[in-house]
Amino acid sequence: MSAEYQKEMIERINLLRKERNAVILAHNYVLGEVQDIADFVGDSLELSIKAKNTGCDVIVFCGVKFMAETAKILSPGKTVLHPVPASGCPMADMADADKLRKLKALHPGAVTVCYVNSTAEVKTEVDICCTSANAAKIVAAIPADKEVIFLPDKNLGANVSIALNRPMILWPGFCPTHMRITAEMILRKKNEFPDAFVIVHPECTPDVVALADKYLSTGGMLRFARETEHKKIIVGTEQGIIHRLQRENPDKMFIPVSEQAVCPNMKMIELNDVLNSLEKMQYEIILDPDTIAKAAAPIIKMIEAGS
Ligand code: 13P
Ligand code: SF4
């Protein structure tokens with residue numbers, strides 16, 4: 001894309017954003033060109049809070065489908081647009097409401113904690129949601145005598161379970177992108193950069209997390225990078241975050257654990273799609289009011305619990 005064409009597109013996006021009274025929200029993993037024109041870039045929890053509190057009429061959500069659905073659930077009166085409907089989260093699709101109902105029936109009295117990376121329908125069946133930023137805090141607040149069903153990410157669940165020394169019933173879902181990051185890769189990078197600090201996302205497997213100095217949500221990684229004295233940081237998560245880490249901290253070196261840790265779904269939304277979305281008001285997230293009402297309760301509980 002020529003610089004001239006890109007500039008023209010950005011100008012049109014800016015005009016339409018004003019005309020439609022729209023806010024553009026983007027996840028930390030989306031393409032740099034989209035992050036750069038967004039009104040706000042953040043992790044799942046930060047984006048949920050923004051979506052809930054925005055005064056705009058239209059939300060253009062640049063992230064995967066469950067994130068746009070969460071925005072709609074929290075702001076049902078607003079028009080929520082998802083520029084590329086095919087951009088979904090494979091982990092979210094690993095849990096379904098029917099199987100969850102059966103699992104709950106086997107564990108009456110258990111508290112069901114659901115990672116926001118889940119469909120709206122699944123959220124209607126759970127007690128409370130969490131993100132990677134607050135999963136441990138939310139599980140820790142559940143009375144010790146209660147069983148906990150955690151879904152859909154078995155790795156986030158296992159990492160929380162280890163951190164809190166609390167057994168949980170784990171759904172067998174996982175993030176295919178974070179599963180590409182292996183303990184061997186971390187060891188290789190540590191060998192290559194012995195003075196580097198290692199941060200990883202808790203969607204990584206527990207053996208990867210055990211080799212890291214810290215595990216953090218994407219928003220937590222950005223905060224850590226800003227505040228730390230460390231100048232070299234090995235980063236174990238999806239590649240897209242390097243764009244913002246490097247832009248915000250030009251004096252620091254960020255070393256991705258793997259060039260292959262790319263979430264293809266997070267890369268589907270291009271600048272052109274954002275423009276089309278605003279021009280044609282597409283593609284609107286539609287959820288039935290009953291689903292919205294039931295799914296909102298566990299998400300609001302999560303937001304109230306804080307990070
Ligand atoms: P964060 O909430 O940390 O941004 O993670 C969302 C996600 O999908 C990670 O794969
Ligand atoms: Fe889903 Fe993993 Fe992509 Fe995040 S990185 S959106 S969890 S597939």
Side-chain angles (χ1 to χ4, degrees), residues 25-31 34-35 38 40-51 61-71 74 82 84-95 113-119 122 129-138 150-160 171-181 199-205 208-209 212 214-225 235-245 256-269 299 302-303 305-307:
L25 303 181
H27 187 266
N28 290 318
Y29 292 159
V30 300
L31 293 175
V34 173
Q35 291 192 32
F40 182 78
V41 184
D43 69 12
S44 309
L45 183 62
E46 294 161 344
L47 290 169
S48 301
I49 295 168
K50 280 280 166 194
F61 208 109
C62 303
V64 289
K65 190 172 166 203
F66 77 81
M67 297 179 176
E69 281 186 351
T70 304
L74 290 169
H82 189 214
V84 179
S87 163
C89 167
M91 174 175 20
D93 295 335
M94 288 176 194
V113 181
C114 182
Y115 192 23
V116 277
N117 297 38
S118 49
T119 63
V122 162
C129 284
C130 72
T131 71
S132 58
N134 59 14
K137 182 177 176 182
I138 280 171
F150 190 96
L151 75 154
D153 188 2
K154 66 174 179 184
N155 292 316
L156 176 61
N159 289 318
V160 168
W171 193 272
F174 59 89
C175 165
T177 301
H178 285 85
M179 289 288 272
R180 281 194 205 120
I181 297 171
I199 56 175
V200 300
H201 196 276
E203 285 176 15
C204 291
T205 53
V208 165
V209 169
K214 241 181 199 314
Y215 70 84
L216 295 161
S217 71
T218 60
M221 287 182 178
L222 285 148
R223 259 186 309 281
F224 172 80
V235 183
T237 192
E238 209 275 344
Q239 279 281 339
I241 197 162
I242 303 289
H243 175 78
R244 200 174 151 198
L245 282 169
V257 173
S258 165
E259 305 289 340
Q260 270 121 52
V262 175
C263 174
N265 285 279
M266 281 286 188
K267 309 303 174 203
M268 283 185 185
I269 300 172
I299 305 173
M302 165 189 86
I303 292 176
S307 54

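Whatever order the structure lists ligands and atoms in, that order sets their numbers, starting from 1. Positions are given from 1, in the same order as the sequence printed here. Keep in mind the model is a prediction, meaning the values are calculated, not measured.
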Nearest-contact summary for atom 3 (Fe) of ligand 2 - protein heavy atom, Å:
C263 SG, 2.4 Å
Which residue and non-hydrogen atom of the protein lie closest to atom 1 (Fe) of ligand 2, and at what distance in Å?
C89 SG, 2.4 Å
Minimum-distance protein heavy atom relative to atom 8 (O) of ligand 1
N117 ND2, 3.1 Å
Test of proximity, T131 against ligand 1: N or O pairs below 3.5 Å
no
So, 4.0 Å and heavy atoms of E238: is ligand 1 close enough to count as a contact?
no
Could you check atom 5 (O) of ligand 1 against the protein and tell me its nearest heavy-atom contact, residue, atom and distance included?
H201 NE2, 3.3 Å
Under-4.0 Å heavy-atom contact with ligand 1, by part of L45 that carries it:
neither
Within a distance under 4.0 Å of any heavy atom of N117, pick out the atoms of ligand 2 and give their elements.
7 (S)
Closest protein heavy atom to atom 2 (O) of ligand 1, given as residue, atom name and distance to 0.1 Å
S44 OG, 2.8 Å
Distance under 4.0 Å to a non-hydrogen atom of H178: what atoms of ligand 1 satisfy this?
10 (O)
Please list, in number order, the atoms of ligand 2 under 4.0 Å from a heavy atom of E203.
2 (Fe), 7 (S)
So is H27 touching ligand 1 or not, going by heavy atoms under 4.0 Å?
yes
Working to the nearest 0.5 Å, report the span between CE of M266 and CG of L31.
11.0 Å
I need the contact type for N265 against ligand 2. Using non-hydrogen atoms and a strict under-4.0 Å cut-off, is it side chain, backbone, both or neither?
neither
Give the atom numbers and elements of ligand 1 that come within less than 4.0 Å of a heavy atom of S217.
3 (O)
Counting only heavy atoms, which portion of E203 has something under 4.0 Å from ligand 1: side chain, backbone, both, or neither?
side chain
Working for side chain to side chain donor-acceptor pair (under 3.5 Å), residues Y29 and T237:
CA-CA 9 Å; Y29 292 159; T237 192; 2.7 Å; yes
Considering only protein heavy atoms, which is closest to atom 2 (Fe) of ligand 2, and at what distance to one decimal place?
C175 SG, 2.3 Å
Interfacing atoms of ligand 2 (cut-off 4.0 Å, heavy-atom, M91):
7 (S)
How close does the nearest protein non-hydrogen atom get to atom 8 (S) of ligand 2, and which residue and atom is it?
P90 CD, 3.4 Å
Could you check which of G63, S132, C89 puts a non-hydrogen atom nearest to atom 1 (P) of ligand 1?
S132
Please confirm whether D43 comes within less than 3.5 Å of ligand 1 when only nitrogen or oxygen atoms on both sides are compared.
no
